[in-house]
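In each ligand, atom 1 is the first atom listed, and ligand 1 is the first ligand listed.
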Amino acid sequence: MMETHNCWWKERVFYEIYPRSFQDSNGDGIGDLRGIISRLDYLQWLGVGAVWLCPIYDSPNADMGYDIRNYESVMAEFGTMEDFDELVTQLHRRDIKLVMDLVVNHTSDEHPWFLEARTAKDNPYRDYYIWRDGKDGREPNNWASFFTPSAWSYDETTAQWYLHLFSGKQPDLNWENPEPRQEIYGMMNRWLDRGVDGFRMDVISLLAKHPQLPDGTGSGYVFSPEYFAFQPRLHDYLREMRRACFDGRDCMCVGETSFVTTQNAGSVVDDGRELDMLFQFDVMDMDSGETKWDARPFDLMRFKQIISAWQAAIGWNTLFWGNHDQPRLVSRFGCTRTETLRRRSATCLATAMYLLRGTPFLYQGEEIGMTNCPFPDISELRDVESLNLLRQAAESGRMDWAWRGVRSKGRDNAHTPMQWDAPPNGGFTGGAPWIMVNPNVQEINVAAALRDPDSVLHYYRALLALRREQDVLRYGDFSLLLHEHPQVFAYARTFEGQQIRIYCNFTDRDAPLPEAFCKEKVLLTNVNYEKTDVLLPYEAAVVMA
Ligand code: TEU
Ligand code: CA
């Protein structure tokens with residue numbers, strides 16, 4: 001097991017900010033850097049130790065900043081480089097670290113590299129991207145993209161196709177070419193020199209593609225991660241990046257490693273010394289069927305297996321229930337039937353996840369139990385993924401299926417503005433918000449939660465404080481308890497002769513416990529109870545053994 005102590009990114013809780021939806025400061029309806037600065041006291045009060053900032057680089061926003069036009073300037077809507085420097089200063093003044101989201105699998109098609117590349121086959125930037133001739137007038141292979149049917153777009157000027165695993169406005173960089181690699185490392189070093197404390201690397205597991213770009217097996221367009229995720233060359237690139245950017249610095253790099261498994265994760269974070277942490281999506285995929293739009297019910301036994309497997313697989317995990325790509329936690333895995341159950345399930349889920357071994361990553365609004373948004377109409381949606389899905393579904397007559405999917409899983413659920421205060425716009429903006437505010441803003445907002453000692457918010461704050469106070473919760477080993485219990489997720493953390501046990505009822509019914517726990521030893525709970533041999537619906541209890 002790795003040396004664990006005195007490492008800032010293991011000691012702190014991260015908070016993900018989606019800047020467009022966090023806080024507007026100038027009334028244009030779009031969140032911005034000055035807005036974030038105005039809310040830093042809140043993050044400090046909550047007990048956040050590091051911020052993951054979603055992309056703030058200049059971008060045409062085909063995918064809300066995940067399509068970068070200029071890596072070294074700030075998106076005009078978000079502010080200026082001076083605002084950014086001020087944000088870094090103000091965060092550090094509060095002892096909060098800043099980790100930037102960075103997208104280097106692809107750029108925007110408006111990035112100067114791509115604008116050059118597409119002009120001619122012999123342009124010096126041509127090989128920054130992945131170009132191929134078509135086959136019989138069709139795409140070079142049958143790969144499907146995440147956002148569009150085909151992963152290829154045809155470019156008239158040079159009569160070739162370019163690869164894009166995401167939208168056509170996000171051409172994939174060619175990592176086999178050392179030139180873009182060096183340019184990227186230079187750029188990363190300049191951000192680190194500016195004072196940022198690390199990066200969250202977008203879809204980092206996709207950098208290397210199979211050199212032959214083979215067809216996937218199946219008919220039509222086939223989603224073929226076996227040829228674009230975790231290819232052998234990925235490890236060379238990650239090691240090179242580490243040497244070029246991180247060695248000798250006290251920074252942290254966490255990778256979004258889509259398609260990682262418990263088998264190959266260790267090669268990236270433990271022995272390889274490539275990334276410090278990784279995001280795996282086994283929990284996020286739990287409620288997906290054939291696609292993420294096909295719903296499958298939450299299965300507690302499967303959850304126990306996934307968590308146990310990951311806690312054992314690598315020395316240090318990331319702990320999260322959502323992010324800017326995911327629907328809202330309490331609507332997805334909790335229960336919003338009554339206000340009591342919303343609060344209980346929100347706090348129960350937080351307890352279950354964030355006391356595991358690893359670093360917690362909260363997503364903005366989760367700490368007040370924000371819910372999915374009942375979007376009344378397509379015109380209220382903004383996300384490229386949802387809009388493309390609905391367009392395709394309209395063509396194939398699957399509109400009901402797609403609309404149901406988008407309402408429950410669409411990414412816009414996570415993008416409705418942060419609910420700070422009362423209506424109309426929840427304190428997010430004085431103008432017209434770029435995306436609708438959730439109609440439940442009257443009941444669910446930070447100001448109301450601050451006034452209410454039983455709020456989800458106060459519980460989150462206490463939970464984070466408990467993690468900070470107890471070494472055993474940060475560094476203890478994990479072991480699953482009550483393996484076969486059909487309602488309860490329970491585990492123990494053990495460190496230097498101390499043990500803390502966590503009990504969470506994942507159902508809306510009472511759950512009997514085989515053994516009562518001792519009321520006097522409860523460190524944190526989300527109920528007021530009499531009995532300790534039964535857990536109430538969505539009860540969570542953290543108990544010193
Ligand atoms: O997401 C990568 C990814 O794998 C997505 O397909 C994710 O599974 C999907 O959004 C779920 O619907 C990253 C970013 O987090 C996402 O916001 C970007 O759109 C994407 O990369 C492209 O940069
Ligand atoms: Ca603004």
Tell me which part of [X] gets within contact of ligand 1: side chain, backbone, both or neither, using heavy atoms under 4.0 Å.
{"X": "H106", "answer": "side chain"}
{"X": "F279", "answer": "neither"}
{"X": "Q326", "answer": "neither"}
{"X": "H164", "answer": "neither"}

- Task: Would you please classify the geometry between the Y128 ring and the Y125 ring as parallel, tilted or perpendicular, with 30° and 60° separating the classes?
- Result: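 Answer is perpendicular, since the angle exceeds 60°.
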Classify the angle between the aromatic ring planes of F506 and F298 as parallel (below 30°), tilted (30 to 60°) or perpendicular (above 60°).
->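 Ring orientation, 0 to 90° scale: parallel.
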- Query: Can a protein heavy atom be found under 4.0 Å away from atom 8 (O) of ligand 1?
  - Reply: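 It does not: no protein heavy atom is found less than 4.0 Å away from atom 8 (O) of ligand 1.
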Q) Which of these passes ring pair (Phe, Tyr, Trp, His ring centres under 6.0 Å) with H164: Y162, W161, F166? A)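 Of the listed residues Y162, W161, F166, the ring pair (Phe, Tyr, Trp, His ring centres under 6.0 Å) partner of H164 is Y162.
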### Task
Check W310, W321, F361, F259 against F279 for a ring pair (Phe, Tyr, Trp, His ring centres under 6.0 Å) and give me the one that passes.
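Testing F279 for a ring pair (Phe, Tyr, Trp, His ring centres under 6.0 Å) against W310, W321, F361, F259 leaves exactly one candidate, F361.
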Which of the ligand 1 atoms, numbered from 1, are nearer than 4.0 Å to a heavy atom of [X]:
{"X": "S258", "answer": "4 (O)"}
{"X": "F147", "answer": "19 (O)"}
{"X": "H324", "answer": "14 (C), 15 (O), 16 (C), 17 (O)"}
{"X": "K292", "answer": "11 (C), 12 (O)"}

- Message: Restricting to distances shorter than 3.0 Å, give the number of protein N, O or S atoms close to the Ca ion (ligand 2).
- Response: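 The number of such protein atoms is 5.
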- request: Tell me, please, whether W131 has R126 positioned over its six-membered ring: NZ or CZ under 6.0 Å from the ring centre and within 45 degrees of its axis?
  value: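 Yes, cation above the ring, under 6.0 Å and within 45°.
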For atom 18 (C) of ligand 1, state which one of L389, D63, N105 supplies the nearest heavy atom.
->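 That would be D63.
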For [atom], what's the nearest protein heavy-atom neighbour? Residue, atom name and distance, please.
{"atom": "atom 13 (C) of ligand 1", "result": "D202 OD1, 2.8 Å"}
{"atom": "atom 6 (O) of ligand 1", "result": "F146 CD2, 2.9 Å"}
{"atom": "atom 1 (O) of ligand 1", "result": "E256 OE2, 3.2 Å"}
{"atom": "atom 10 (O) of ligand 1", "result": "R411 NH1, 2.9 Å"}
{"atom": "atom 17 (O) of ligand 1", "result": "D325 OD1, 2.7 Å"}

Check whether more than 12 heavy atoms from other residues, nucleotides or ligands sit under 6.0 Å from atom CG of D377, and answer yes or no.
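Correct, the count exceeds 12.
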Any side-chain to backbone donor/acceptor pair from N388 onto Q392? Under 3.5 Å, distance only.
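Pair absent, no side-chain N/O of N388 close to backbone of Q392.
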Q) Quick one: do D325 and K292 make a salt bridge, cutoff under 4.0 Å? A)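 Judged by the 4.0 Å cut-off on N to carboxylate O distance, D325 and K292 do not form a salt bridge.
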*Do F320 and F14 come close enough that some side-chain heavy atom pair is under 4.5 Å?*
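They are not in side-chain contact.
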